[in-house]
Amino acid sequence: MSNKPDLELALIQTSLAWHDPAANRLHFEPLLQQARGADLVILPEMFSTGFSMESADLAEPEDGPTSLWLREQAQAIDAVICGSLIIQAADGSYRNRLLWARPDGSLAHYDKRHLFRMAGEHKHYSAGDQQVVLELNGWRVRPLICYDLRFPVWSRDAAGTDLLLYTANWPGARRQHWNRLLPARAIENLCYVAAVNRIGEDGKGHGYTGDSQVLDFQGEALLAAGDGDGVFRATLSSQALDTYRERFPAHLDADGFALQG
């Protein structure tokens with residue numbers, strides 16, 4: 001049994017201003033203040049712009065204004081804040097990149113692996129090729145982005161993950177898929193799942209119905225935000241997770257595999 005503390009999550013589900021990073025940063029600031037007390041605050045995918053294919057026009061450098069803002073906000077509320085935005089990497093490529101901003105000013109990141117070809121994302125962004133596991137208060141957290149949810153091999157636990165984290169702009173037209181795949185990822189990986197989606201309508205006329213949620217290791221909802229607008233909280237129990245894994249150690253019979261590009 002581990003002795004890590006419970007983990008306090010705050011999920012921010014809200015609408016986004018289209019192609020307006022400054023407006024979105026301003027919009028999120030009071031919401032982040034409401035999230036005080038959480039260990040980890042999760043924002044939607046492309047929270048500064050909406051889900052846009054105009055990467056060349058909207059990309060920020062790795063040390064750009066939204067990256068700096070995230071680090072400032074993390075320090076201000078003494079919590080890790082994460083969410084994805086459009087970044088031009090040092091090699092010149094455009095990335096749908098999740099930034100993990102810590103209160104001490106340091107950053108980690110995950111680049112979206114599966115690019116949503118139905119919107120042409122694969123034509124405007126470069127795919128990541130690395131799974132990332134991040135430590136927070138003894139918890140092993142693995143961030144993923146939106147379309148990654150559909151691919152169980154990439155989502156599959158390979159390193160004792162305690163929390164799978166999905167940040168998304170998942171359209172309401174396919175909300176049933178979202179609501180069915182998330183419990184599956186929790187059950188098959190014997191871990192918690194936290195998933196944050198946006199609401200409202202984007203600049204292309206696509207509607208988003210939210211359904212941000214936190215699920216336990218049996219796929220049961222600890223939090224279901226529905227179509228609400230605001231900050232939603234959940235607490236993850238380390239003891240409950242460890243007890244379940246000891247009682248039902250299905251991971252010991254999992255098939256081994258190697259990922260290939």
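Between the CZ atom of Arg117 and the NE2 atom of His122 there is a distance of 4.5 Å, given to the nearest 0.5 Å. With values rounded to the nearest 0.5 angstrom, Leu58 atom CG is found 12.0 Å from Gln88 atom CD. The distance from the OG atom of Ser93 to the CG atom of Asp111 is 7.5 Å, given to the nearest 0.5 Å. Atom-to-atom distance recorded for His27:NE2 and Ser48:OG is 13.0 Å, nearest 0.5 angstrom. Taken from CH2 in Trp178 to CZ in Arg150, the straight-line distance is 11.0 Å, to the nearest 0.5 Å. Summarising the geometry, atom CG belonging to Leu182 is positioned 9.5 Å from atom OG belonging to Ser212; distances are rounded to the nearest 0.5 Å.
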### Task
Check the pair Ile81 / Leu32 against side chain to side chain contact (heavy atoms under 4.5 Å, CB included), numbers first and verdict last.
CA-CA 9 Å; Ile81 305 173; Leu32 288 168; 3.9 Å; yes
### Query
What do the steps show when you test Ile199 against Thr209 for side chain to side chain contact (heavy atoms under 4.5 Å, CB included), and what is the final call?
CA-CA 5 Å; Ile199 55 173; Thr209 49; over 6 Å; no
### Task
Begin with the C-alpha distance, continue with both residues' side-chain angles, and end with the deciding distance and a verdict on salt bridge (charged side-chain N to carboxylate O under 4.0 Å, His left out) for Asp211 and Arg175.
CA-CA 8 Å; Asp211 293 319; Arg175 68 186 303 188; 3.0 Å; yes
### Task
Test Asp202 against Asn169 for side chain to side chain contact (heavy atoms under 4.5 Å, CB included), laying out the working first.
CA-CA 10 Å; Asp202 68 18; Asn169 271 215; 5.8 Å; no
### Task
Starting from the C-alpha separation in whole Å, work towards a yes-or-no answer on side chain to side chain contact (heavy atoms under 4.5 Å, CB included) for Gln131 and Trp154.
CA-CA 8 Å; Gln131 290 180 322; Trp154 190 248; 3.6 Å; yes
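Defined by atom type and a distance below 3.5 Å, a donor-acceptor pair is missing between the side-chain atoms of His109 and Arg95. Inspection of the Asp6 and Thr235 side chains reveals no N or O donor paired with an N or O acceptor under 3.5 Å.
Residues Leu136 and Leu11 are members of one and the same hydrophobic cluster, defined by side-chain heavy-atom contacts under 4.5 angstrom among Ile, Leu, Val, Met, Phe, Trp and Tyr. Under the 4.5 Å side-chain heavy-atom criterion for ILVMFWY residues, a single connected hydrophobic cluster contains both Leu181 and Tyr192. With hydrophobic clusters built from ILVMFWY side chains whose heavy atoms lie under 4.5 angstrom apart, Phe232 shares a cluster with Val193.
Residues Pro143 and Tyr166 fail the side-chain proximity criterion, which asks for heavy atoms closer than 4.5 Å. With contacts defined as side-chain heavy-atom distances shorter than 4.5 Å, the pair Val141/Thr161 does not qualify. For the pair Pro44/Phe51, no side-chain contact is recorded, criterion being any heavy-atom separation below 4.5 Å from C-beta on. Looking at heavy atoms from C-beta onward, Tyr94 lies out of side-chain contact with Ser126 at the 4.5 angstrom threshold. Taking the side chain as every heavy atom from C-beta outward, Leu43 and Thr167 never approach each other to under 4.5 Å. With a 4.5 Å cut-off on side-chain heavy atoms, Leu7 and Leu9 count as touching. No side-chain heavy atom of Leu85 sits under 4.5 Å from any side-chain heavy atom of Thr49. Two residues are said to be in side-chain contact when any heavy atoms from C-beta on lie closer than 4.5 Å; Leu144 and Ser155 meet this criterion.
Residues Lys112 and Asp148 approach most closely at CG-OD2, 4.1 Å, considering heavy atoms. When every heavy atom of Phe257 is checked against every heavy atom of Val153, the shortest pair comes out as CE1-CG1, 3.8 Å. The shortest heavy-atom contact between Tyr147 and Leu115 is CE2-O, 3.5 Å. Ala108 and Arg102 make their closest contact through CB-NH2, 3.7 Å (heavy atoms, listed as atom of the first residue, atom of the second, distance). A pairwise comparison of heavy atoms in Asn179 and Pro183 identifies O-CD, 3.1 Å as the closest pair. Residue Asp162 comes nearest to Gly138 through the heavy atom pair OD2-O, 4.1 Å, listed as atom of the first residue, atom of the second, then distance.
One N or O on the side chain of Asn197 and one on the backbone of Trp170 form a donor-acceptor pair closer than 3.5 Å. At distances below 3.5 Å, at least one donor-acceptor pair connects side-chain atoms of Arg185 with backbone N or O atoms of Leu149. For the pair His124 (side chain) and Met53 (backbone), a donor-acceptor distance under 3.5 Å is present. Using modelled atom types, no side-chain atom of Tyr244 and backbone atom of Cys191 make a donor-acceptor pair closer than 3.5 Å.
Qualifying salt bridge (Lys or Arg N to Asp or Glu O under 4.0 Å) partners for Asp39, counting only residues two or more places apart in sequence or in other chains: none. Here Cys82 pairs with Leu40, Ile42, Leu98, Trp100, Leu165 under the side-chain contact (heavy atoms from CB on, under 4.5 Å) rule; sequence neighbours left out. Taking the side-chain contact (heavy atoms from CB on, under 4.5 Å) definition, one finds that Arg36 meets it with Gln33, Ile77, sequence neighbours left out. The ring pair (Phe, Tyr, Trp, His ring centres under 6.0 Å) search around Tyr110 returns none, not counting sequence neighbours.
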Output a table of donor-acceptor pairs, distance under 3.5 Å, between side-chain atoms of residues 61-70 and any protein atom two or more places apart or on a different chain; print 'none' if there are none.
{"unit_1": "Glu62", "atom_1": "OE2", "unit_2": "Ala90", "atom_2": "N", "d": "3.1"}
{"unit_1": "Glu62", "atom_1": "OE2", "unit_2": "Arg97", "atom_2": "NH1", "d": "3.1"}
{"unit_1": "Thr66", "atom_1": "OG1", "unit_2": "Arg25", "atom_2": "NH1", "d": "2.8"}
{"unit_1": "Thr66", "atom_1": "OG1", "unit_2": "Glu60", "atom_2": "OE1", "d": "3.2"}
{"unit_1": "Thr66", "atom_1": "OG1", "unit_2": "Glu60", "atom_2": "OE2", "d": "2.6"}
{"unit_1": "Ser67", "atom_1": "OG", "unit_2": "Glu62", "atom_2": "O", "d": "3.3"}
{"unit_1": "Trp69", "atom_1": "NE1", "unit_2": "Glu29", "atom_2": "OE2", "d": "2.9"}

With a 3.5 Å cut-off and sequence neighbours excluded, list the donor-acceptor pairs that the side chains of residues 216-228 form with protein atoms.
{"unit_1": "Asp216", "atom_1": "OD1", "unit_2": "Gln218", "atom_2": "N", "d": "2.8"}
{"unit_1": "Asp216", "atom_1": "OD1", "unit_2": "Gly219", "atom_2": "N", "d": "3.2"}
{"unit_1": "Asp216", "atom_1": "OD1", "unit_2": "Glu220", "atom_2": "N", "d": "2.9"}

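Arg198 has no carboxylate O lying under 4.0 Å from a charged side-chain N of Glu45, or vice versa, which leaves the two without a salt bridge. By the 4.0 Å N-to-carboxylate-O rule, Asp255 lies too far from Arg156 to be salt-bridged with it.
Under the 30°/60° scheme for interplanar angles, the aromatic rings of Phe47 and Phe28 are found to stand perpendicular.
For Phe151, the CZ atom is densely surrounded, since the number of other residues' heavy atoms within 6.0 Å is greater than 12. Other residues, nucleotides and ligands place no more than 12 heavy atoms under 6.0 Å from the CD atom of Gln75.
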